[in-house]
Amino acid sequence: MNFSEYRNRKESFPLISFEVFPPKDNAEFEKLKGTLAKLAEFSPAIITVTHGAMGKERKRTLEVASYIKNIIGIESACHLTCIGASEREIDVSLELTEHEKVRNIVALRGDIPRENGKVLLSSGAFQHANQLVEHIRRHKNGSPKRFSIAVAGYPEKHIESPSFEEDIANLKKKVDAGADIIITQLFFDNRYYFDYMRMVRDAGIDLPVIPGLMPVLSSRQVIRISSLCGTEIPAGLRKKLVEVGDDNRKAVEVGIAHCREQVRELLSEGVEGIHFYVLNKAFHIEKILHSV
Ligand code: FAD
């Protein structure tokens, strides 16, 4: 199901989607194929494939998205970041993506690359994701629905944003530019999502806002990712992760139990879908989805 069908569907049952990242080499791709086969058993509406800002891994992203769509037969999406990219580079990506019959794009600015706190590059044709969405909609004018488009939303506000008001006003620009759905940054406390939904709806945004969840795989990793994207680890979860320390097997169990509770509550509140950041693993997702 592509992002625009997701938006327009009549059924009310929640949809599942997954996000994977492109493998570094062929051996990793073979492993990822095994993971994708397991994830496919949950009949996800769509599987999205990330790519590094500045165009890194773009070829691999498309290779994986094409595999999901054309070999496994599940709808897929390529993430596309615009930071540092020329208009020509973006257009080539769009054309290659279309050529592989992948019709969904997660349109993003990308993180600003920095070294020792210094911004490495701020040039490029587009400064913000709303401009990328506008461009995708304009590209090859006359076929505005070549791609369905998802954009990013931030229940704890984007790390660079001074306020929720500003961040949601900027989200509205992406929606007005032609996005079909919003997928959120990962969060560990559902209250942020519920509060965010109120603010988003108050701002007149009526698109599906799909909550993004990431089951913990290790204590260190979750602390690193959370600080990078400004996500709070609730005190209860943090305490359990500190207790298990570097025992990743136990951290995974803590993560599965926490994520399962998040899923249960979100489903009971009638969310339209859940997007899992699976980190190219399936076993934790299997445990969560078999027991909610
Ligand atoms: P924007 O929407 O441009 O927002 C960035 C900041 O600028 C925000 O603070 C916003 O409030 C502000 N802003 C937005 N528009 C304007 C405007 N017109 N004028 C002034 N200010 C504005 N990163 C990757 O590198 N690769 C990926 O594959 C990837 N996938 C992701 C998937 C999801 C679902 C999410 C939530 C994030 C993903 N990211 C990915 C991370 C993302 O690139 C970063 O969070 C990035 O810092 C912001 O991207 P954005 O598209 O939200 O940017």
Side-chain angles (χ1 to χ4, degrees), residues 1-9 14-23 29 32-33 35-36 39-40 42-53 55-83 85 90-110 129-130 132-137 139 143-153 174-175 177-186 207-214 272-280 282 285:
M1 181 177 292
N2 67 40
F3 290 137
S4 57
E5 289 165 339
Y6 207 122
R7 170 186 179 180
N8 295 321
R9 76 201 179 106
L15 297 172
I16 299 292
S17 55
F18 299 121
E19 176 176 310
V20 297
F21 57 83
F29 195 6
L32 179 59
K33 287 178 183 173
T35 299
L36 290 168
L39 294 174
F42 294 100
S43 307
I46 192 159
I47 301 180
T48 78
V49 189
T50 67
H51 84 83
K56 279 186 228 152
E57 310 154 353
R58 193 164 284 164
K59 212 170 130 233
R60 276 282 184 194
T61 297
L62 183 55
E63 199 180 348
V64 176
S66 174
Y67 176 84
I68 295 166
K69 166 86 186 197
N70 300 308
I71 307 293
I72 307 185
I74 288 176
E75 202 65 39
S76 67
C78 284
H79 292 216
L80 178 62
T81 59
C82 61
I83 187 123
I90 295 290
D91 288 348
V92 168
S93 280
L94 293 174
E95 271 145 37
L96 292 173
T97 304
E98 189 175 30
H99 183 258
E100 291 298 321
K101 302 187 178 62
V102 174
R103 307 310 290 265
N104 301 280
I105 302 276
V106 183
L108 302 145
R109 184 196 69 181
N130 65 300
L132 176 62
V133 176
E134 268 166 29
H135 181 75
I136 298 170
R137 287 288 177 240
H139 186 240
S143 50
K145 282 290 171 188
R146 259 167 90 215
F147 293 107
S148 294
I149 302 176
V151 292
K174 299 194 267 196
V175 172
D180 291 297
I181 71 166
I182 296 157
I183 301 175
T184 80
Q185 183 59 281
L186 61 97
L207 297 187
V209 182
I210 308 305
L213 300 182
M214 190 194 77
E272 289 163 271
I274 298 186
H275 184 75
F276 289 98
Y277 296 95
V278 305
L279 301 174
N280 292 15
I285 298 297

Across all chains, not counting sequence neighbours, the side chain to side chain contact (heavy atoms under 4.5 Å, CB included) partners of A179 are V151, L207

Quick one: ring-ring contact (aromatic ring centres under 6.0 Å, His included) partners of H275, sequence neighbours excluded? Y277

Any ion pair linking D180 and R9 (charged N to carboxylate O, less than 4.0 Å)? no

Quick one, V106 and L80 - any side-chain contact, counting heavy atoms below 4.5 Å? no

Close side-chain approach of M214 and L279, heavy atoms under 4.5 Å: yes

All side chain to side chain donor-acceptor pair (under 3.5 Å) counterparts of T48, not counting sequence neighbours: H79

Residues that E63 engages under salt bridge (Lys or Arg N to Asp or Glu O under 4.0 Å), provided they are two or more places apart: R60

Residues forming a side chain to side chain donor-acceptor pair (under 3.5 Å) with T184, sequence neighbours excluded: none

Excluding sequence neighbours, so at least two apart, what forms side chain to side chain donor-acceptor pair (under 3.5 Å) with N130? none

With sequence neighbours left out, the residues meeting side chain to side chain donor-acceptor pair (under 3.5 Å) with R103 are none

Classify the ring geometry of F42 against F18: parallel below 30°, tilted from 30° to 60°, perpendicular beyond 60°. perpendicular

If the condition is salt bridge (Lys or Arg N to Asp or Glu O under 4.0 Å), which residues does K101 pass it with, not counting sequence neighbours? none

With sequence neighbours excluded, what pairs up with I72 under the side chain to side chain contact (heavy atoms under 4.5 Å, CB included) test? L36, A40, Y67, I74

In chain order, what residues pass the side chain to side chain contact (heavy atoms under 4.5 Å, CB included) check against N2, with sequence neighbours excluded? S4, E5, E75, N104, S148

Are K174 and L132 side-chain neighbours, meaning at least one heavy-atom pair lies under 4.5 Å? no

Any donor-acceptor pair under 3.5 Å from R137 side chain to G178 backbone: yes

If we check side chain to side chain contact (heavy atoms under 4.5 Å, CB included) with V64, which of these qualifies: I68, T61, L62? I68

